[in-house]
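Just so it is clear, the structure is predicted and the values come from calculations on it, not from any experiment.
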Amino acid sequence: MPRTDVVEEWPQREQVELTTAVAALALFYLTFHISSRLHAVVRDAVAKHSSDKGNNSRGGDQKNADDDAAVVVVAGMVFEWRRRAVALVAHLISTAFNVYLCWFDQTGRADLVTGYSRVAHVAFVFGAAMYIVDTALIVAHPRKGRRTRIVWVVHHVVAITFLLMMRHYRMGSFPAACFMISSATHIPSNLRWFEQTASGLKCTRRDKVIGWVNMVTFFVAAVLPIPYMFVAIAEQKRISIRSLLLDGEFEHIHRKCIAGSALIYVPHVLLFVRIAHREIGRIGKAPYVPSRRRGAKTD
């Protein structure tokens with residue numbers, strides 16, 4: 001890979017990487033265990049739901065079987081609560097890093113294609129640690145559905161590979177941040193899960209507000225950044241978007257990078273359409289208790 005004069009070098013880089021990784025793991029560990037104090041909220045929500053389903057009308061054997069299944073469901077929900085607490089903290093920090101790299105990092109913005117700063121290096125090491133921990137928690141999840149587990153593991157493995165490549169080559173912090181800023185979309189979705197779990201209801205006014213915030217956040221953080229990235233690079237290099245994408249100006253962005261961007265961007269657009277359709281469909285719906293089958297998996 002070609003090097004440029006807008007890549008910050010500094011001694012003891014390996015120590016910085018180790019310190020960042022250890023600090024991230026310590027933060028995630030503390031968050032995972034501190035959030036266990038909220039177990040009672042989850043248990044109360046599930047217990048309330050179980051009573052609403054008419055536990056008193058069942059026979060003794062059926063009631064005991066359902067109670068045993070409810071214990072399994074509670075265990076899964078408690079683990080999911082703790083996993084999402086870790087994810088929420090991690091994505092808040094990651095979003096702050098990526099916002100800085102996209103708009104405020106002077107080294108990265110000096111050359112939008114190859115610029116790379118110390119802050120970018122710390123951000124990418126932190127991001128890799130974040131996804132490694134979340135992958136481990138998803139694999140260890142007692143009630144995560146198989147399909148959901150596979151989808152998220154594949155997603156995280158791709159993100160980890162991408163971040164480790166950026167850490168290795170140390171170039172292109174701006175394009176990388178334009179992709180990784182999509183992690184901000186997990187913040188409102190996690191908040192919504194907490195609200196629904198604590199209240200036991202869906203389609204409440206607060207649930208709908210968080211849903212619309214989620215939709216807007218997804219559009220801003222997952223749909224807009226990729227076009228913005230190409231426009232910003234074309235303006236800095238003083239070429240047209242057509243020249244950048246179609247006419248062989250690959251000394252700025254390689255053809256494989258453009259193809260990879262499309263592979264990531266198209267699913268984001270399709271997912272946004274799905275989210276928008278879902279949130280529009282919730283307008284006018286009254287609050288309701290979501291149905292949970294015995295031993296239902298946590299998605």
I would like to know whether His33 and Arg82 meet side chain to side chain contact (heavy atoms under 4.5 Å, CB included); could you show each step before the answer?
CA-CA 7 Å; His33 285 280; Arg82 300 166 83 179; 3.5 Å; yes
Under the side chain to side chain contact (heavy atoms under 4.5 Å, CB included) rule, what do Tyr131 and Ser183 come out as? Steps first, then yes or no, please.
CA-CA 10 Å; Tyr131 283 114; Ser183 65; 3.9 Å; yes
Criterion side chain to side chain contact (heavy atoms under 4.5 Å, CB included) on Val99 and Phe104, from CA distance to verdict
CA-CA 8 Å; Val99 168; Phe104 303 103; 4.1 Å; yes
Chi angles and distances behind the side chain to side chain donor-acceptor pair (under 3.5 Å) call for Asp111, Thr114
CA-CA 6 Å; Asp111 188 321; Thr114 60; 3.3 Å; yes
Evaluate Ile93 against Leu27 for side chain to side chain contact (heavy atoms under 4.5 Å, CB included), listing each step before the verdict.
CA-CA 11 Å; Ile93 297 174; Leu27 174 64; 3.4 Å; yes
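Closest of all the heavy-atom pairs between Ser189 and Arg84 is O-NH1, 4.1 Å. The heavy-atom pair separating Pro188 from Ile210 by the smallest distance is O-CG2, 3.4 Å. Nearest approach of Lys208 to Arg282, heavy atoms of both residues: CE-O, 3.4 Å. The two residues Arg149 and Ala140 come nearest to each other via the heavy atoms NH1-N, 4.4 Å. Closest approach of Leu163 and Gly127 over heavy atoms only: CD1-C, 3.4 Å. Across all non-hydrogen atoms, the minimal contact from Ser117 to Thr107 is CB-CB, 3.7 Å.
Contact check on Arg192 versus Glu279 returns a salt bridge, with a Lys/Arg side-chain nitrogen under 4.0 Å from an Asp/Glu carboxylate oxygen.
A single hydrophobic cluster is not seen to contain both Val125 and Met165; linkage of ILVMFWY side chains at heavy-atom distances under 4.5 Å, directly or through other members, places them apart. When hydrophobic clusters are built by joining Ile, Leu, Val, Met, Phe, Trp and Tyr residues whose side-chain heavy atoms come closer than 4.5 Å, directly or via intermediates, Tyr29 is not grouped with Val22. Both Met180 and Val113 sit in one connected hydrophobic cluster of ILVMFWY residues. Membership requires side-chain heavy atoms under 4.5 Å apart, directly or through other members. When the side chains of ILVMFWY residues are joined at heavy-atom separations under 4.5 Å, either directly or via intervening members, Met130 and Val151 end up in two distinct hydrophobic clusters. Residues Leu271 and Val269 are members of one and the same hydrophobic cluster, defined by side-chain heavy-atom contacts under 4.5 angstrom among Ile, Leu, Val, Met, Phe, Trp and Tyr.
A side-chain donor-acceptor contact under 3.5 Å links Ser35 to the backbone of Phe32. Without hydrogens or angle criteria, Arg109 side chain to Cys102 main chain gives a donor-acceptor distance under 3.5 Å. Of the possible donor and acceptor atoms, none in the side chain of Ser94 sits under 3.5 Å from a partner among the backbone N and O of His91. Of the possible polar contacts, none joining the Arg167 side chain to the Phe124 backbone as a donor-acceptor pair under 3.5 Å is found. The backbone N or O of Cys203 sits less than 3.5 Å from a side-chain atom of Asp207, completing a donor-acceptor pair. Side-chain atoms of Asn190 come within 3.5 Å of backbone N or O of His186 as a donor-acceptor pair. Formation of a donor-acceptor pair under 3.5 Å by the Gln236 side chain with backbone atoms of Leu112 is found in this model. A donor-acceptor pair is defined here as one N or O able to donate and one able to accept, closer than 3.5 Å; no such pair exists between the side chain of Asp105 and the backbone of Tyr100.
In this structure, CD1 on Ile187 lies 8.0 Å from OG1 on Thr217, to the nearest 0.5 angstrom. For the atom pair CG (Leu30) and CG (Leu25), the distance works out to 11.0 Å, reported to the nearest 0.5 Å. A distance of 5.5 Å separates CG in Leu191 from CG in Leu88, rounded to the nearest 0.5 Å. Taking CZ of Arg83 as the reference point, atom NE2 of His141 lies at 6.0 Å (rounded to 0.5 Å). A distance of 9.0 Å separates CD of Gln15 from CD of Glu17, quoted to the nearest 0.5 Å. The structure places CZ of Phe219 at 4.0 Å from CG of Leu224, a figure rounded to the nearest 0.5 Å.
Applying the 6.0 Å contact sphere to CZ of Arg278 captures more than 12 heavy atoms from other residues, nucleotides or ligands. Within 6.0 Å of the OH atom in Tyr228, the count of heavy atoms belonging to other residues, nucleotides or ligands exceeds 12. Within a 6.0 Å radius of CZ in Arg206, other residues, nucleotides and ligands contribute 12 heavy atoms or fewer.
Between Arg274 and Leu270, every side-chain heavy-atom pair lies at or beyond the 4.5 Å cut-off. Between Ile132 and Ile160, the closest side-chain pair of non-hydrogen atoms falls below 4.5 Å. Ile283 has its side chain within reach of Trp212: a pair of non-hydrogen atoms, C-beta onward, lies under 4.5 Å apart. The closest side-chain heavy-atom distance from Val122 to Phe97 is below 4.5 Å.
The aromatic ring centroids of Phe272 and His268 lie 6.0 Å or more from each other. Ring to ring, Phe28 and Phe126 are close: their centroids are under 6.0 angstrom apart. Between Phe174 and Tyr116, a ring centre-to-centre spacing not shorter than 6.0 Å is recorded.
Ring pair Trp152/His155 is perpendicular by interplanar angle, where above 60° counts as perpendicular and below 30° as parallel.
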